[in-house]
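Take a look at the structure below.
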Amino acid sequence: MNANLRSFVGVERFIAEVSGDARKPGYVLLGDEAFLYAMCRRGVLQELLAEDLRDFSLHELDLAETSIFEALDLAQTPSLMAPFQVLILRNVKLLYGRGQKKDEFAAIEEYFRRPNPQALLLFVADHIALPQDLRKMDMQDKERAEKIRETLGDVCGVVELQRVSEDDAVAWVLREAAAKGVAFHEDAARELVDALGAEMMTIASELEKLVLYSGSTGAKQVEVSDVETMVSAAKQRSLYELTDAISLKDAPRALALLHGLLNASEGGEEAAIGHVFTLAKTFRQMLVLNEKQVKDQRAMWQVLWPGFRVAPFAADALIAQARRYRDRSELTRGLMWIAKADVELRSSPPDKRLVLERLVMRLAGKAREPELSAA
């Protein structure tokens, strides 16, 4: 990987380490940059697990449903079907909720005294946002990260998944396009990143479309005009349009936009988790704008830090959407529904489209939903 891509260095180092003799028995993936998390996950699977054995050797567990004691017992038990096991533990934040959790951390410490050499534990701490500039990190997130380092840092490696900088996003687009045999004008790469607010999951998806578009037209190089043509369609299908319909409580339009997003996604309904991630980010942005009573773009850039910025084309629309929520608790309740849908999607439901449809109906519903329990 290009050494200049500083945003990707930690991931590159992590993948090299897990594939070699210096591999630790556990790691914490710290941060909510979904694109870098996907790179880590893909790298671990490619390096450690044979594809035909992953049904037996890969365990993706949610600590809301599986206790840490059960997860550690599974990690310690040799598999009869596979030579190596990877356990991905989500909802790590539950280890830091109410109560001391002394028994839980004692069990973790005991496991790592004599870890199973044929198992790797990955603790996913994606409830913490790591901006590109850590000096601008939210104080609450700093405290949460420090607790994780104090409790897991001595027994696990910590991989920081910071937001990808705009310069690194541009360099990544140029490198990936070149690897696919497509020339990409630097101004076009910059336009792609700027238009999508350095949102790497979306950038990667749109890059794939631009590569296919370039091949179909026989163009020698992707230009700014090509990006504008392709991304403008993405803007119309974007989740900002969906949140606009949700904020207006226009459930029929919201469902129609959701179906358009699913039909337009490269992975169809398999892209559901990515849509929920972006939806959660948009709701968090609206909550900040609502709490700070932001009324214009100038104020927006003062309250939203760089790693949490809004795509420029959606700035005014998002401000208007945030102001439609008179009661902030409706936004926080919406985030709880989104989190619940995320957990459900990661549990491999039979119909992911149905999970998303139910979420959108709840978010766009005019009637007040009952409060969610802490569980």
Side-chain angles (χ1 to χ4, degrees), residues 1-18 24 26-41 43-44 89-93 95-97 122-173 190 193-194 196-204 277-278 280-289 291-292 294 299-312 335 339:
M1 186 171 290
N2 192 322
N4 293 328
L5 301 184
R6 295 180 58 188
S7 302
F8 298 86
V9 168
V11 173
E12 179 188 37
R13 188 182 298 120
F14 164 69
I15 294 173
E17 188 171 301
V18 297
K24 296 178 176 61
Y27 291 86
V28 178
L29 302 182
L30 182 66
D32 66 347
E33 175 53 82
F35 184 76
L36 295 186
Y37 165 73
M39 288 182 63
C40 289
R41 182 183 183 279
V44 166
L89 308 181
R90 305 194 67 88
N91 249 328
V92 169
K93 64 182 178 182
L95 291 175
Y96 302 88
L122 298 179
F123 294 87
V124 183
D126 56 1
H127 61 294
I128 296 173
L130 293 185
Q132 181 62 34
D133 185 350
L134 293 179
R135 294 173 299 179
K136 298 180 179 180
M137 190 173 174
D138 179 80
M139 185 58 67
Q140 186 178 48
D141 280 338
K142 282 185 179 180
E143 293 173 355
R144 290 170 173 168
E146 188 58 33
K147 284 183 179 179
I148 287 177
R149 293 183 187 281
E150 290 173 357
T151 51
L152 294 176
D154 289 340
V155 294
C156 294
V158 178
V159 184
E160 294 185 345
L161 306 182
Q162 293 173 247
R163 298 288 171 80
V164 176
S165 72
E166 292 187 1
D167 287 343
D168 282 350
V170 171
W172 181 87
V173 168
R190 177 69 63 182
V193 171
D194 288 347
L196 298 175
E199 183 62 64
M200 287 300 301
M201 294 290 280
T202 310
I203 288 170
F277 170 81
T278 308
K281 178 178 178 180
T282 306
F283 261 69
R284 289 198 298 269
Q285 289 167 335
M286 287 197 291
L287 183 60
V288 172
L289 298 180
E291 289 179 341
K292 301 297 184 181
V294 170
M300 170 186 275
W301 306 131
Q302 292 175 347
V303 301
L304 293 183
W305 50 99
F308 201 51
R309 70 183 304 179
V310 177
L335 282 167

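For the single chain, residues carry numbers from 1 onward in sequence order. Bear in mind the structure is a predicted one, so any value in this text is a computation, not a measurement. These values consider heavy atoms only, across backbone and side chains, with no hydrogens, waters or symmetry-generated copies.
- Of the charged side-chain nitrogens involved, none lies within less than 4.0 Å of a carboxylate oxygen, so that Lys136 and Asp141 do not count as a salt-bridged pair.
- Looking at Glu160 and Arg149, a side-chain N of the basic residue comes within less than 4.0 Å of a carboxylate O on the acidic one, giving a salt bridge.
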Margin query: Applying side chain to side chain contact (heavy atoms under 4.5 Å, CB included) to Phe35 and Trp172, what does each step give before you reach the verdict?
Written below: CA-CA 12 Å; Phe35 184 76; Trp172 181 87; 3.5 Å; yes
Checklist line | Leu130/Leu134 under side chain to side chain contact (heavy atoms under 4.5 Å, CB included): CA gap, chis, key distance, verdict | finding: CA-CA 7 Å; Leu130 293 185; Leu134 293 179; 4.2 Å; yes
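- Closest of all the heavy-atom pairs between Val173 and Val193 is CG2-CG2, 4.4 Å.
- In terms of heavy-atom proximity, Val164 sits nearest to Ala169 at CG1-N, 3.8 Å.
- With salt bridges taken as basic N to acidic carboxylate O contacts below 4.0 Å, one links Asp32 and Arg163.
- Here the straight-line distance linking atom CE of Met200 with atom CE of Met39 works out to 8.0 Å at 0.5 Å rounding.
- Of the options Leu29, Leu30, Leu36, a side-chain contact (heavy atoms from CB on, under 4.5 Å) to Glu33 is made by Leu36 and by none of the others.
- Counted within 6.0 Å of NZ on Lys142, heavy atoms from surrounding residues, nucleotides or ligands total more than 12; the atom is thus considered enclosed.
- Taking the six-membered ring where the residue is Trp, the centroids of Tyr27 and Phe123 are separated by 6.0 Å or more.
- Ion pairing between Arg90 and Asp126 holds under the 4.0 Å rule for side-chain N and carboxylate O.
- Residues Ala145 and Met137 come closest through the heavy atom pair CB-CE, 4.0 Å.
- Side-chain atoms of Ile15 and Cys40, non-hydrogen and from C-beta on, never get closer than 4.5 Å to each other.
- In this structure a side-chain-to-backbone donor-acceptor pair under 3.5 Å is present from Gln162 to Gln132.
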Check: Stepwise, does the side chain to side chain contact (heavy atoms under 4.5 Å, CB included) test hold for Asp154 with Leu152?
Finding: CA-CA 6 Å; Asp154 289 340; Leu152 294 176; over 6 Å; no
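- With hydrogens and angles ignored, the 3.5 Å screen pairs no side-chain donor or acceptor of Ser7 with any backbone N or O of Asp168.
- The shortest distance between side-chain heavy atoms of Ile148 and Ile128 falls below 4.5 Å.
- Annotation: side chain of Lys292 is in contact with side chain of Val288 (closest heavy-atom distance under 4.5 Å).
- Going from atom CD of Glu150 over to atom CD of Glu146 covers 4.5 Å, rounded to the nearest 0.5 Å.
- Two residues are said to be in side-chain contact when any heavy atoms from C-beta on lie closer than 4.5 Å; Leu304 and Leu289 meet this criterion.
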Notebook entry, point to check: Passes side chain to side chain contact (heavy atoms under 4.5 Å, CB included), Leu122 versus Val44? Steps please.
Noted result: CA-CA 10 Å; Leu122 298 179; Val44 166; 4.2 Å; yes
